[in-house]
Amino acid sequence: MTDAATDSLSGQRQRVWDLPVRITHWLIVVFISLSWWTAEFDRMQWHAWSGYALLTLVLFRVYWGFVGSSTARFRHFLRGPGAVLRYSQGLFSRPGEPVVGHNPLGGWSSLLLLILILGQVLLGLFSEDVDGLASGPLSYMVSYDAGRWAAETHEEFFDVLLLFIGLHIAAVAFYLVYKRNNLVAAMFTGRAARDTDTEESLYFAPLWRAAIGFVLAGAFVWWLVTQVGFTF
Amino acid sequence: MSFSKSIYRVSLSAALLFTASSLAQHDHDHAQHDHASTQGTPGHIMHERHENFETMGEAFKTIRDQVRSRDADMQAISRSAETINDLAQQLHTWFPAGTGPEAGKTHAKAEIWQNKADFNAAAERLVEESGKFVALTQTGDASKVAGGIRGLGGACKNCHDQYRVEED
């Protein structure tokens, strides 16, 4: 547990990312990897489960974007074009404009990645497999042609997703090497260098609220894939 | 127009544009097949083959979609099973020499013609499985039909894994 007292004792670092944000981030990494692996090695039942897990995580993250801790909220990190432009102009300055949480570019990049993952999962849900055995649970809602289109697009769209994941990793590497700012460690520990210029006090949401979100997201996905149709 | 609204509009237009262009590409692919030449030519044979596999895929989809609905249409299931079984019996005739990847766009691998006996055995397995499946549909018991889906799909997959090109 951390509080203001230990924060001020440590002096240099402050709590930035809450536990739900960190867990969600790293589970998304795990399940995108698993989704790739299971598709590549034809473990399609696992592939479906991995997709349901990703859908649950993305839905939870959207919920947390409204009711989570300060740095998790869309309102906090989705900034207007002025802020984005200003930040971009100082991108190559060291150490650069001080930021708590997502910077104005990183905020939009996170939203974009969430949308891309959501789109990819939706394509999977409607996909029609040529053997019929690995069709998505919502494929019964669309025609065979539309389902095949979804499946082919699902496969091609993964490359688009990979491209943006690559960009995300490249940006993090740029911050580490060029700006000497270790964002990866911050995403593990939740703590980042204290920014003395900003007086912003961050709000941290209680964990029970995250638990409610996870249960709601999970229940919704469960309903979507079982009640609406059933999987083989 | 507020900033968030314009962002919303831009993303929506981008999504629609992406969908529309993909669909146009899809139609284009189909149009190419439809122009495919006259009776007996490799192009025609490949086109017919494609249509037949699509008919089987659609029939299998009808079966699965019906089985998962609460009031399954047993007649539609039965008809679709017969469609699959009828086509399965002709399947081995759809791959004459000269209709492989050398002749144009196809998912058929060259291995089909290199291992013709093995390929035909795989086709025969579909004949058997679909025949068993037709018998299941005649029981009128949706749960028995559901239990047979894995075997039928497995016969499709058995051959596809070896002889169908995965990537488009």
Side-chain angles (χ1 to χ4, degrees), chain A residues 39-42 44-45 74-75 78-85 107-108 111-112 114-116 118-119 122-123 126-160 225-232, chain B residues 2-4 6-8 10-12 14-15 18-19 21-27 29-30 50 53-70 72 80 84 107 126 129 133 146-161 163-168:
Chain A
E40 199 68 15
F41 296 98
D42 199 24
M44 295 310 284
Q45 186 62 67
F74 297 125
R75 207 178 52 195
L78 295 182
R79 310 283 303 276
V84 173
L85 197 66
W108 286 106
L111 181 68
L112 180 66
L114 285 174
I115 291 172
L116 291 176
L118 184 64
L122 287 177
L123 285 170
F126 290 98
S127 284
E128 194 71 68
D129 172 34
V130 279
D131 311 324
L133 297 178
S135 296
L138 302 187
S139 63
Y140 76 98
M141 291 177 167
V142 299
S143 71
Y144 182 78
D145 269 354
R148 286 301 301 145
W149 175 83
E152 279 157 20
T153 310
H154 185 60
E155 191 175 344
E156 284 162 18
F157 196 71
F158 183 63
D159 291 341
V160 176
V225 303
T226 58
Q227 202 56 40
V228 176
F230 75 89
T231 51
F232 291 107
Chain B
S2 75
F3 178 66
S4 62
S6 62
I7 283 290
Y8 169 75
V10 168
S11 354
L12 190 67
F18 176 73
T19 312
S21 64
S22 307
L23 284 173
Q25 179 62 39
H26 185 70
D27 284 347
D29 290 350
H30 268 256
H50 181 84
F53 276 114
E54 208 161 84
T55 304
M56 283 209 260
E58 281 164 4
F60 192 31
K61 178 175 168 57
T62 301
I63 292 168
R64 284 177 290 113
D65 290 354
Q66 283 301 327
V67 164
R68 79 173 68 191
S69 79
R70 286 202 176 80
S80 300
I84 294 172
H107 286 122
L126 179 64
E129 287 292 341
F133 194 80
I149 282 174
R150 216 156 243 298
L152 183 54
C156 304
K157 187 172 163 55
N158 167 53
C159 192
H160 283 157
D161 283 351
Y163 295 112
R164 183 181 186 277
V165 179
E166 189 58 55
E167 255 90 84
D168 241 53

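Residue numbers start from 1 in every chain, and the chains themselves are labelled A, B, ... in the order their sequence lines are given, proteins ahead of strands. These numbers come from a predicted model, not from an experiment.
When the candidates A:L78, A:D42, A:L112 are compared by the number of heavy-atom contacts under 4.5 Å with chain B, A:D42 comes out ahead.
None of B:T55, B:I63, B:T62 except one satisfies the side-chain contact (heavy atoms from CB on, under 4.5 Å) rule with B:I84; the exception is B:I63.
Contact annotation for B:K157: both backbone and side-chain heavy atoms come within less than 4.5 Å of a heavy atom of chain A. B:N158 does not touch chain A: none of its heavy atoms, backbone or side chain, sits under 4.5 Å away.
The OH atom of A:Y144 sits 8.5 Å away from atom OG of A:S135, with the distance rounded to the nearest 0.5 Å.
Proximity of a side-chain donor or acceptor of B:S80 to a complementary backbone N or O of B:F60 within less than 3.5 Å is not detected. A donor-acceptor pair under 3.5 Å links the side-chain atoms of B:R68 to the main chain of A:P137, judged by distance alone.
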